[in-house]
Protein chains: 2
Amino acid sequence: MSVENWLTEFRSQGYRLTDARRAVVETVAKSPRALTPAEIHDLAKEQYPKLGLVTVYRTLEKLEELNLVQRVHQEQGCNAYLAHAEGHQHLLICQKCKKAVYFDGDDLNASFAKVGEKHGFIVQEHWLQLFGICEECRENE
Amino acid sequence: MSVENWLTEFRSQGYRLTDARRAVVETVAKSPRALTPAEIHDLAKEQYPKLGLVTVYRTLEKLEELNLVQRVHQEQGCNAYLAHAEGHQHLLICQKCKKAVYFDGDDLNASFAKVGEKHGFIVQEHWLQLFGICEECRENE
DNA sequence: TCTATAATTGAAAATGATTTTCAAATACTC
DNA sequence: GAGTATTTGAAAATCATTTTCAATTATAGA
Ligand SMILES: [Mn+2]
Ligand SMILES: [Mn+2]
Ligand SMILES: [Zn+2]
Ligand SMILES: [Zn+2]
């Protein structure tokens, strides 16, 4: 989903379009990796220097509510945000450059249900993330 | 691993055995679900009323270092602690009573590697949690 | 058992991330 | 363009976690 779509989505929910929001949205939408609120603030200020950190938090809250971003959990912290993929997807994250790639793991659902069954559970959701090293990072030795 | 083993492990690392630590360790070891530091504090105080919250944090830090507990990440928060399983295991968590059960997902590793390959990644770690409703909770209507 | 000592404790203060408050600025409707 | 409700950033408040510190305690050794 493009930046323009995000902003349109914003408008159609009755939210106003401001320079501050534009800067936050564009920063998150363009980033190949999950960013913390503080990182978003730093980056987005290059585009809109007046931007306050509070507005970053407030905008992320709305983006999350509209399902345009998702929070990414990692060993180093659980408060980084990434553009959301369409539908149900999972993340593959490079441990070196932090780049995040989505994949669908639909073929795993049967296995998950079976694991649950074995323990008397009916599985309703799952949470899966893979970590590794991307091609680019392997090449740059 | 039993409570006594945990305490022995503690001692063998040169740490002293105190009533405060005993209370924290027993609380976490006995719990069927992941607990936050504040919850541990509340529960362990029944056994050792003088217990300070600081000591809960400090004891958890050591338990984590000794690999006796692990931090559990959930939608509601990422700071709950659970007795660790032996070796590499994954969690199946009841959405109603929060009970946590470990399972090994070794048969999934090949699938994970394949997903990575498709995107140029060499997968080195993964993070998997299943959520559902346990048998007991389904029975109690 | 008693003593010496280093580890551990809890209270209080400090920190750091996030949230709330509020008056000024602004985006959008008419 | 004017009127109004929304949004803003600064500052204050909050909340979880960490640090500081003087008092307490566990343990090794006499
Ligand atoms: Mn899936
Ligand atoms: Mn596994
Ligand atoms: Zn990489
Ligand atoms: Zn249950």
Side-chain angles (χ1 to χ4, degrees), chain A residues 4 6-28 34-66 68-81, chain B residues 4 6-28 34-66 69 71-81:
Chain A
E4 278 315 310
W6 285 32
L7 295 171
T8 305
E9 183 73 9
F10 234 89
R11 286 271 22 238
S12 70
Q13 293 299 312
Y15 296 130
R16 293 182 177 179
L17 236 53
T18 66
D19 292 344
R21 280 174 178 166
R22 230 183 287 269
V24 172
V25 165
E26 289 179 10
T27 300
V28 178
L35 300 172
T36 63
E39 286 172 328
I40 294 168
H41 186 223
D42 286 345
L43 289 168
K45 268 202 298 194
E46 290 173 15
Q47 168 173 346
Y48 182 66
K50 277 202 308 178
L51 182 66
L53 180 55
V54 210
T55 298
V56 174
Y57 278 101
R58 289 190 281 223
T59 305
L60 285 172
E61 193 176 34
K62 289 185 172 53
L63 289 173
E64 207 172 8
E65 172 194 319
L66 300 177
L68 296 174
V69 302
Q70 76 165 126
R71 184 193 278 260
V72 175
H73 301 252
Q74 287 181 257
E75 210 58 64
Q76 315 105 61
C78 303
N79 54 329
Y81 292 82
Chain B
E4 278 316 310
W6 284 33
L7 295 171
T8 305
E9 182 72 9
F10 235 89
R11 287 268 23 237
S12 69
Q13 293 299 312
Y15 296 130
R16 293 180 177 181
L17 237 52
T18 66
D19 293 343
R21 280 174 178 168
R22 230 182 287 269
V24 172
V25 166
E26 288 179 10
T27 299
V28 178
L35 299 172
T36 63
E39 286 173 327
I40 294 167
H41 185 223
D42 286 345
L43 289 168
K45 267 201 299 195
E46 291 173 15
Q47 167 173 347
Y48 183 67
K50 278 202 307 175
L51 182 65
L53 180 55
V54 209
T55 298
V56 174
Y57 278 100
R58 287 191 280 224
T59 305
L60 285 172
E61 194 177 34
K62 289 185 171 53
L63 289 173
E64 206 174 9
E65 172 193 318
L66 299 177
V69 302
R71 183 191 280 258
V72 175
H73 301 252
Q74 288 182 256
E75 210 58 64
Q76 315 105 63
C78 303
N79 53 329
Y81 291 81

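Letters A, B, ... mirror the listed sequences (proteins, then strands); counts begin at 1.
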Set of residues satisfying side-chain hydrogen bond (donor to acceptor under 3.5 Å, both in side chains) with respect to A:Gln76, sequence neighbours excluded: A:Lys98
Produce the list of close N/O pairs, under 3.5 Å, pairing protein atoms with atoms of nucleotides 5-9 of chain C; give distances to one decimal.
{"unit_1": "C:dA6", "atom_1": "N3", "unit_2": "B:Arg16", "atom_2": "NH1", "d": "3.3"}
{"unit_1": "C:dA7", "atom_1": "O4'", "unit_2": "B:Arg16", "atom_2": "NH1", "d": "3.4"}
{"unit_1": "C:dT8", "atom_1": "OP1", "unit_2": "B:Arg16", "atom_2": "N", "d": "2.9"}
{"unit_1": "C:dT8", "atom_1": "OP1", "unit_2": "B:Arg21", "atom_2": "NH1", "d": "2.7"}
{"unit_1": "C:dT8", "atom_1": "OP1", "unit_2": "B:Arg21", "atom_2": "NH2", "d": "3.4"}
{"unit_1": "C:dT9", "atom_1": "OP1", "unit_2": "B:Thr18", "atom_2": "OG1", "d": "2.7"}

Please report the distance, rounded to the nearest Å, between CD in B:Glu64 and P in D:dT18. 10 Å
Between D:dT6 (P) and A:Phe10 (CZ): distance, integer Å: 15 Å
Between C:dA17 atom P and B:Asn79 atom CG, what is the distance in whole Å? 16 Å
For A:Arg11, all residues meeting side-chain hydrogen bond (donor to acceptor under 3.5 Å, both in side chains), sequence neighbours excluded: none
Distance, rounded to the nearest Å, where A:Glu39 contributes CD and C:dA17 contributes C1': 14 Å
For a quick test of your reading: what N or O donor-acceptor pairs under 3.5 Å do the side chains of residues 19-27 of chain B make, sequence neighbours left out?
{"unit_1": "B:Arg21", "atom_1": "NH1", "unit_2": "B:Arg16", "atom_2": "O", "d": "2.8"}
{"unit_1": "B:Glu26", "atom_1": "OE1", "unit_2": "B:Gln47", "atom_2": "NE2", "d": "2.9"}
{"unit_1": "B:Thr27", "atom_1": "OG1", "unit_2": "B:Ala23", "atom_2": "O", "d": "2.7"}

Could you check how far CG of A:Leu53 sits from C1' of D:dT8, rounded to whole Å? 13 Å
Between atom NE2 in A:His41 and atom P in D:dT8, what is the gap in whole Å? 12 Å
Partners meeting side-chain hydrogen bond (donor to acceptor under 3.5 Å, both in side chains) with B:Glu65 (sequence neighbours left out): B:Tyr15
Calculate the interatomic distance between B:Ile40 atom CD1 and D:dA16 atom C1'; express it in whole Å. 14 Å
Heavy-atom side-chain contact between A:Leu60 and A:Glu64 under 4.5 Å: no
What residues form a side-chain hydrogen bond (donor to acceptor under 3.5 Å, both in side chains) with A:Gln70, not counting sequence neighbours? A:Tyr102
Reading DNA chain D from 5' onward, which residue's closest nucleotide shows up sooner: B:Arg11 or B:Pro37? B:Pro37
